[in-house]
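All remarks here apply to the structure that follows.
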Amino acid sequence: MSIKYNLQHIRATIPAGVTLVCVTKFHPAHTVAQAYSAGERIFGESRVPELVQKHEALPKDIQWHFIGHLQTNKVKFIVPFISLIHSVDSENLLAKIDAEAAKIGKIVNCLLEVHIAQEDSKYGFSPTALTEFLAARRWATMKNIRICGLMGMATYTDNVEQIRGEMQLLKQLFDRARKDFFADCEWFTELSIGMSDDYHVAIEEGSTIIRIGTSIFGARS
Ligand SMILES: *Cc1c(COP(=O)(O)O)cnc(C)c1O
């Protein structure tokens, strides 16, 4: 199947209010260009060098999202052009993004990544750590970042009820955070969950952003 066909199929099954991030990691720029030709403008990458390379090679009206684990020493390379960093998993990282953004007079949109899966390998705040971090309110003094919502990844499993339960937990955390900390904040609106295998469930559970690679571009080598 072609990229264009895959995109038409996905676009036909997602509601208008849901943002599609085309995850292009490990795919070459000319493959990304096919999705661009099909009308897509939001692309996600998980490694800084690959993202910087593609940002340079591809049209400048692309909105790049960073979705992988971000090391503090690489923040400065993406801050000048990034549209949204999904994967802020520590206060230290958020402070670094704030500092780099301040240097160039920018405000960087961020999501806080929450660890919801039953897997050790995934990054993110635990639900408890998230609540503690928000309650301490040091983030409120960081003027060059904007916390736009939460991001998470469900366990990689066939057990749909488990996936659904993890997503519901994240949605509850999101609703509570909005009520307790971001009630006056018009940009705390995004919930980034859902990948190729679970995006239908994610949309049912309130996801506003889905991140899809394999179902658009095929398997990564
Ligand atoms: C790779 C990746 C995706 C896309 O996964 P697919 O299963 O290929 O759709 C989504 N989110 C994150 C954080 C990723 O690293």
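Both ligands and their constituent atoms are indexed starting at 1 by order of listing. Numbers here simply count residues along the sequence, with the first being 1. What you see is a predicted model; the values in this text were computed from it and never measured.
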Cluster membership besides F217, Ile/Leu/Val/Met/Phe/Trp/Tyr side chains within less than 4.5 angstrom, sorted by chain and number, is I3, L7, I10, I14, V18, L20, Y199, I203, I210, I212, I216
Would you say the ring centroid of F188 lies under 6.0 angstrom from that of F174?
yes
Do E113 and M153 pass the side-chain contact (heavy atoms from CB on, under 4.5 Å) test, and can you show the C-alpha distance, the side-chain angles, and the key distance before you say yes or no?
CA-CA 9 Å; E113 180 173 357; M153 269 194 264; 4.3 Å; yes
Show your working on side-chain contact (heavy atoms from CB on, under 4.5 Å) between L51 and I82 and close with a plain yes or no.
CA-CA 10 Å; L51 169 58; I82 203 75; 3.7 Å; yes
Does the pair V114 and M151 meet the rule for a side-chain contact (heavy atoms from CB on, under 4.5 Å), with working shown?
CA-CA 6 Å; V114 186; M151 177 269 213; over 6 Å; no
Check: Q71/K74 side-chain N/O donor and acceptor closer than 3.5 Å
yes
Proximal protein residues to ligand 1, non-hydrogen atoms under 4.0 angstrom
V23, K25, I67, M151, M153, M195, S196, R211, I212, G213, T214, R220
